[in-house]
J.: 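Before I ask anything, let me first share the structure, which is written out below as structure tokens.
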Amino acid sequence: MLNEKAVQKESKKFEDKIKGIFKKYGLGVEVLDKDKDGRRPDFFVFKRDNKEKGFICECKFVASAGTLDNGKYHISLFDPKLGERNKGGFQSSSFGKIENKIREALSQYQALIEDKSSYKKFPFVIVLEMDFFANSFDFIPKKIYGLREISAVMKLERNIEQKEEIKKWPKEELKKVIERKLKKKIPPESIRFKVLQNSNPINPFKASEFLRNPIIL
């Protein structure tokens with residue numbers, strides 16, 4: 001079974017991290033889900049000098065890629081029993097889990113719009129964080145399941161400049177670096193948003209207006 005307490009802690013940590021990054025970018029962040037009895041997206045993010053330029057944001061943490069053995073084990077690093085399973089290898093697909101999380105986020109956005117129609121003109125963006133086994137971000141369809149109210153889905157991409165630089169190295173050089181026989185200069189650590197923009201949204205999301213050096217798909 002999933003360690004629900006650990007999942008909740010990681011989910012809150014992720015939400016706080018995204019909020020902190022937006023603020024670091026100089027954006028205003030208004031918390032929307034203050035009412036715990038209601039279902040609302042997490043934030044309204046906006047330009048500090050122009051609140052008419054902004055977007056609605058919901059953070060979703062996908063903790064599991066599914067279950068095994070009739071639900072006995074979760075395919076997740078958050079299931080401490082998975083490592084004790086002694087039945088050979090397994091295959092997993094988190095497509096359904098990610099789609100469910102995206103549709104759940106959309107229902108929160110729709111509830112917000114029903115109560116406060118003034119938010120309807122703003123793009124709706126979902127930020128995903130996924131367990132190791134549940135990471136199928138690159139397989140989300142370009143039209144985002146035909147859900148036109150969703151303007152974009154994005155995730156954090158770490159150290160992409162470093163990865164791109166290392167790909168250029170010949171195998172012989174890479175081997176020497178790993179063995180500490182050779183030193184090579186690499187770009188500093190970085191965090192950037194990887195943004196899948198809906199190809200047919202109601203409200204387009206112009207990622208470069210709000211984010212620093214986003215990777216736009």
Side-chain angles (χ1 to χ4, degrees), residues 2-36 38-64 76-78 97-98 101-102 104-109 111-112 116 119 122-132 134-138 140 144 150-164 186-198 203-217:
L2 284 179
N3 183 335
E4 294 292 350
K5 189 173 288 187
V7 170
Q8 290 175 8
K9 184 178 179 180
E10 192 66 24
S11 181
K12 183 63 170 64
K13 181 181 172 183
F14 169 60
E15 183 183 321
D16 290 343
K17 178 187 288 186
I18 297 302
K19 182 179 179 181
I21 291 173
F22 288 152
K23 288 188 172 183
K24 189 176 180 180
Y25 287 174
L27 300 168
V29 182
E30 178 182 316
V31 177
L32 296 175
D33 63 346
K34 293 178 182 178
D35 181 3
K36 297 304 178 184
R39 299 184 69 254
R40 299 288 183 271
D42 293 312
F43 311 125
F44 173 53
V45 185
F46 56 91
K47 294 276 191 178
R48 289 189 184 274
D49 60 345
N50 186 357
K51 208 169 181 179
E52 287 299 303
K53 285 192 174 183
F55 62 95
I56 310 299
C57 178
E58 169 63 13
C59 302
K60 285 294 182 191
F61 182 69
V62 187
S64 170
S76 171
L77 296 178
F78 289 91
K97 288 284 185 179
I98 287 177
K101 285 288 185 180
I102 287 173
E104 180 183 310
L106 177 58
S107 71
Q108 292 171 247
Y109 169 77
L112 172 68
K116 297 182 179 181
Y119 284 116
F122 295 107
F124 175 49
V125 177
I126 301 168
V127 190
L128 294 176
E129 175 80 334
M130 293 150 284
D131 177 80
F132 172 81
N135 189 355
S136 297
F137 181 89
D138 291 335
I140 300 172
I144 310 181
I150 299 174
S151 306
V153 179
M154 59 189 192
K155 67 182 284 276
L156 290 176
E157 190 76 20
R158 294 170 176 83
N159 303 324
I160 191 166
E161 295 88 357
Q162 289 186 358
K163 294 172 186 175
E164 289 174 350
I186 60 173
E189 293 185 353
S190 65
I191 297 180
R192 292 163 63 188
F193 281 102
K194 190 173 187 178
V195 185
L196 174 64
Q197 294 182 313
N198 195 328
N203 295 314
F205 176 59
K206 298 179 180 178
S208 57
E209 285 191 6
F210 299 97
L211 310 176
R212 292 181 188 172
N213 301 316
I215 305 155
I216 300 175
L217 304 177

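Note that the numbering runs from 1 along the sequence shown for the chain.
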J.: Closest heavy-atom contact between V62 and K97?
T.: CG1-CB, 4.1 Å
J.: Any idea which heavy atoms bring F137 and L128 closest together, and the distance?
T.: CD1-CD1, 4.2 Å
J.: Partners of Q8 by side chain to side chain donor-acceptor pair (under 3.5 Å), sequence neighbours excluded?
T.: none
J.: I'd like to know if the side chain of S151 and the backbone of V125 have a donor-acceptor N/O pair within less than 3.5 Å.
T.: no
J.: Holding to side chain to side chain contact (heavy atoms under 4.5 Å, CB included), I want the full list of residues that pass it with F44, two or more places apart in sequence or in another chain.
T.: E30, L32, F46, K51, I56, Y119, F122
J.: So, using salt bridge (Lys or Arg N to Asp or Glu O under 4.0 Å) as the criterion, who are the partners of E209 when residues are at least two apart?
T.: none
J.: Report the residues that fulfil side chain to side chain donor-acceptor pair (under 3.5 Å) with K9, sequence neighbours left out, ordered by chain and then residue number.
T.: none
J.: If the condition is side chain to side chain donor-acceptor pair (under 3.5 Å), which residues does D138 pass it with, not counting sequence neighbours?
T.: K194
J.: In chain order, what residues pass the side chain to side chain donor-acceptor pair (under 3.5 Å) check against K101, with sequence neighbours excluded?
T.: none
J.: Could you give the distance from CZ (R40) to CD (E58), rounded to the nearest 0.5 Å?
T.: 12.0 Å
J.: Taking all heavy atoms of M130 and all of S136, pick out the closest pair and write down the distance.
T.: SD-N, 4.0 Å
J.: With rounding to the nearest 0.5 Å, note down the distance linking CD1 in I191 to CG in N213.
T.: 13.5 Å
J.: Can you list every salt bridge (Lys or Arg N to Asp or Glu O under 4.0 Å) pair that touches residues 14-26, not counting sequence neighbours?
T.: K12-D16
J.: Compare all side-chain heavy atoms of E104 with those of R39 and state whether any distance is below 4.5 angstrom.
T.: yes
J.: Which atom names give the shortest non-hydrogen contact between I216 and A207, and what distance separates them?
T.: CD1-CB, 4.2 Å
J.: Taking C-beta and beyond as the side chain, do N203 and F124 meet within less than 4.5 Å on heavy atoms?
T.: no
J.: Of L196, I150, D42, which meets side-chain contact (heavy atoms from CB on, under 4.5 Å) against I126?
T.: I150
J.: With sequence neighbours left out, write down each residue that passes side chain to side chain contact (heavy atoms under 4.5 Å, CB included) with N50, or none if nothing qualifies.
T.: K47, E52, K53
J.: Applying ring-ring contact (aromatic ring centres under 6.0 Å, His included), name anything that partners F22, two or more places apart in sequence or on another chain.
T.: F55, F193
J.: State whether the side chain of N198 and the backbone N or O of I144 hold a donor-acceptor pair below 3.5 Å, judged by distance alone.
T.: no
J.: Atom NZ of K155 and atom CD1 of I215: how far apart are they, to the nearest 0.5 Å?
T.: 8.5 Å
J.: Excluding sequence neighbours, so at least two apart, what forms ring-ring contact (aromatic ring centres under 6.0 Å, His included) with F14?
T.: none
J.: Could you tell me whether a side-chain N or O of E129 sits under 3.5 Å from a main-chain N or O of S11, the two making a donor and an acceptor?
T.: no
J.: Give me the atom names and distance for the closest heavy-atom approach of G54 to P123.
T.: O-CD, 3.3 Å
J.: Using side chain to side chain contact (heavy atoms under 4.5 Å, CB included) as the criterion, list what pairs up with E10, not counting sequence neighbours.
T.: K13, F61, F78
